[in-house]
Amino acid sequence: MRKIVMTGGGTAGHVNPNLALMPKLEKLKYEIVYIGSKTGIEREIIGKTAIPYHAISSGKLRRYLDVKNFTDPFKVGAGFFQALGILRKEKPDIVFSKGGFVSVPVVAAARVLKIPVLAHESDLTPGLANKIAARFADKLLVTFPETLPHVGEKGILVGSPIREELFTGDGEKARTQAGFSAEKPVILVMGGSIGSVKINEALRSLLPELLEKYSVFHLCGKGNLQEELGDLPGYVQMEYAGKEMRDLLQAADLIVSRAGANAIFEFLALRKPNLLIPLSLASSRGDQILNAESFEKKGYSKVLKEELMTPQTLKASLEDLYLHRADYVRVMEKSGLDNATDKIVELIERYAAQKR
Ligand SMILES: CC(=O)N[C@H]1[C@@H](OP(=O)(O)OP(=O)(O)OC[C@H]2O[C@@H](n3ccc(=O)[nH]c3=O)[C@H](O)[C@@H]2O)O[C@H](CO)[C@@H](O)[C@@H]1O
């Protein structure tokens, strides 16, 4: 029996791909162990599975000045020694890293112990944590073809691993439970795993008009529910969708979303016409802008820049997306992009066998 240590965290985007790989690894009789942070979302997500979880200290590595720049290196250092101890005890055949700051000390410790490491990058441009992790990793698996020229010899194009359960959702169940009219198309609005206040505001000021023609599922993020909208017919708001996500995705005729890499590859795999509003450069490193541009160029998505989003432009973009929805589906069907889980599991098998 082989053993794999998986790591990654900070946002759901750094955990869900690991979840997508787990059923196939379990079928191949891998014993899976997770290393994550003490407080990150990964603890909550992995806590819902039967996978053993080791928590280590984790600090953020920043490119900008912050008082925490003085304390976080100590946390990263402590995390490294904790990871070293855990890996010595667990003796995995391989470490698979999904990025996020918690993964850096884990892959560094694996390198010291000569354990093979595969890292996976979801975004078009690698994040800082993965740039560092890639130095310690045997290979950096990438999602977008455009990433390959920038990551050197270590890069392998695999695509995005997608949770199998998302293909088996029951859209009809979601629509019926919500009491939605059978005639109205359904829009799923989401702001990434933590929600988006900007999208929430634009959507909510548009709701009266929008609900004349559409029904709306709204994933608004933790702490963003608006009680007074609770009884509005045709509108269902939720902070975060857990198991229901598969049904909501299947129920959607159109999706409005941030441009997080996992989410957009899910839309593509499920052939859902989508309007992307990427996080702006003012509040991110710009990775979502590049993700969205790539999808727009290929014809998988329509994009509305955050700076240009008003209730009016949001409505106009939605109308345009609805009008051309069949064209988007047609292009997505020709994408030739498969779920990356099989390819990644194959690589895990190959590198685990190389344990020195
Ligand atoms: C703010 C931030 O740093 N965002 C980054 C984060 O996004 P984030 O953590 O939002 O990750 P993604 O958008 O890539 O994926 C969101 C995931 O959460 C799931 N989901 C979402 C809402 C919900 O209610 N239920 C649910 O299950 C989606 O199905 C998807 O699997 O990681 C992505 C992948 O590195 C990056 O591209 C994003 O820029």
Side-chain angles (χ1 to χ4, degrees), residues 8-21 40-42 44-45 48 60 97-103 119-131 133 141-144 147 159-167 169 174 188-200 217-225 236-252 255-270 272 274 276-295 301 306 339-341:
T11 67
H14 291 135
V15 191
N16 285 355
N18 281 333
L19 285 186
L21 296 171
I41 178 117
E42 62 275 20
E44 199 181 315
I45 297 177
K48 289 186 184 135
K60 197 170 175 183
S97 163
K98 244 326 289 159
F101 291 102
V102 72
S103 65
H120 181 269
E121 174 58 56
S122 294
D123 292 299
L124 195 144
T125 51
L128 181 57
N130 250 347
K131 273 190 187 152
L141 317 186
V142 303
T143 302
F144 289 82
T147 315
S160 185
I162 294 169
R163 289 169 289 159
E164 209 56 52
E165 67 189 50
L166 296 186
F167 297 95
L188 170 63
V189 182
M190 53 191 270
S193 57
I194 52 173
S196 157
V197 171
K198 289 205 170 120
I199 294 180
N200 292 352
F217 282 120
H218 183 194
L219 304 176
C220 58
K222 237 182 200 163
N224 295 329
L225 289 175
V236 170
Q237 49 179 346
M238 290 166 78
E239 290 188 324
Y240 184 81
K243 283 228 165 305
E244 313 87 343
M245 194 63 190
R246 62 179 101 170
D247 299 334
L248 300 185
L249 282 168
Q250 289 291 353
I255 297 177
V256 177
S257 173
R258 284 296 190 194
N262 294 284
I264 65 176
F265 275 91
E266 289 167 6
F267 309 154
L268 174 60
L270 296 169
K272 296 290 172 178
N274 57 88
L276 302 181
I277 303 150
L279 258 177
S280 71
L281 261 178
S283 44
S284 74
R285 65 184 177 89
D287 52 322
Q288 293 198 2
I289 298 175
L290 297 176
N291 294 347
E293 278 174 5
S294 164
F295 267 43
S301 306
E306 187 183 294
N339 190 347
T341 45

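We count ligands from 1, going down the list as the structure has it; atoms in each ligand are counted the same way.
Residue contacts with ligand 1, taken as heavy atom pairs separated by less than 4.0 Å, involve H14 solely via side-chain atoms from C-beta onward. With a heavy-atom cut-off of 4.0 Å, R258 does not touch ligand 1 at all. Looking at N291 against ligand 1, only its side chain comes within 4.0 Å, counting heavy atoms. Within the 4.0 Å heavy-atom criterion, neither part of I264 lies near ligand 1.
Among protein heavy atoms, atom 11 (O) of ligand 1 sits closest to G13 CA, 3.3 Å. When hydrogens are left out, the protein atom nearest atom 31 (O) of ligand 1 is E266 OE2, 2.6 Å; that is the closest non-hydrogen contact. The nearest protein atom to atom 15 (O) of ligand 1, hydrogens excluded, is given as N262 CB, 3.4 Å; this is a heavy-atom distance. Nearest protein heavy-atom contact of atom 13 (O) of ligand 1 is G260 CA, 3.1 Å. Atom 22 (C) of ligand 1 has as its closest protein heavy atom Y240 CE1, 3.7 Å. T11 OG1, 3.5 Å is the protein heavy atom nearest to atom 32 (O) of ligand 1. Considering only non-hydrogen protein atoms, atom 24 (O) of ligand 1 sits nearest to A241 N, 2.7 Å.
Those atoms of ligand 1 that come under 4.0 Å of a heavy atom in L219, given as number and element, are 23 (C), 24 (O). Counting atoms of ligand 1 from 1 in the listed order, those under 4.0 Å from a heavy atom of L279 are 1 (C). Set against the non-hydrogen atoms of D287, the atoms of ligand 1 under 4.0 Å away are 36 (C), 37 (O), 38 (C), 39 (O). The distance from ligand 1 to the heavy atoms of Q288 drops below 4.0 Å at these ligand atoms: 4 (N), 38 (C), 39 (O). Of all atoms in ligand 1, listed by their number and element, those nearer than 4.0 Å to a heavy atom of A261 are 14 (O), 37 (O).
For atom 37 (O) of ligand 1, the nearest non-hydrogen atom from the set D123, N130, T143, I289 comes from D123. Here atom 8 (P) of ligand 1 lies nearest to S193 when heavy atoms of S193, A263, G10, G242 are compared.
Distance alone, capped at 3.5 Å, is enough to place a donor-acceptor pair between the N262 side chain and the G13 backbone. Under a 3.5 Å cut-off, the side chain of K272 and the backbone N or O of Q250 do form a donor-acceptor pair. Of the possible polar contacts, none joining the H120 side chain to the G99 backbone as a donor-acceptor pair under 3.5 Å is found. For the pair R285 (side chain) and L128 (backbone), a donor-acceptor distance under 3.5 Å is absent. In this structure, Q288 contributes its side chain and A259 its backbone to a donor-acceptor pair below 3.5 Å. Side chain of T341 to backbone of I162: no donor-acceptor contact under 3.5 angstrom is found. The backbone N or O of E42 lies less than 3.5 Å from no partner atom in the side chain of E44, so there is not a single donor-acceptor pair.
In this structure, a donor-acceptor pair under 3.5 Å is absent between the side chains of D287 and T125.
Considering backbone and side-chain atoms together, M245 places no N or O closer than 3.5 Å to any N or O of ligand 1. Residue contacts with ligand 1: N16 is placed with a nitrogen or oxygen under 3.5 Å of a nitrogen or oxygen of the ligand (distance criterion only). At a 3.5 angstrom cut-off on N or O pairs, E239 does not count as close to ligand 1.
Not a single heavy atom of E121 sits less than 4.0 Å from an atom of ligand 1.
Put simply, the side chain of N224 does not reach to within 4.5 Å of the side chain of Q237, judged on heavy atoms. By the 4.5 Å heavy-atom criterion applied to side chains, H218 and N200 are counted as neighbours.
Using a 4.0 Å cut-off between a side-chain N of Lys or Arg and a carboxylate O of Asp or Glu, E266 and R163 qualify as a salt bridge.
Between S196 and R258 the shortest heavy-atom distance is OG-NH2, 3.2 Å.
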Practice item. Run the numbers on I289 and L281 for side-chain contact (heavy atoms from CB on, under 4.5 Å), then give the verdict. Key: CA-CA 8 Å; I289 298 175; L281 261 178; 4.1 Å; yes
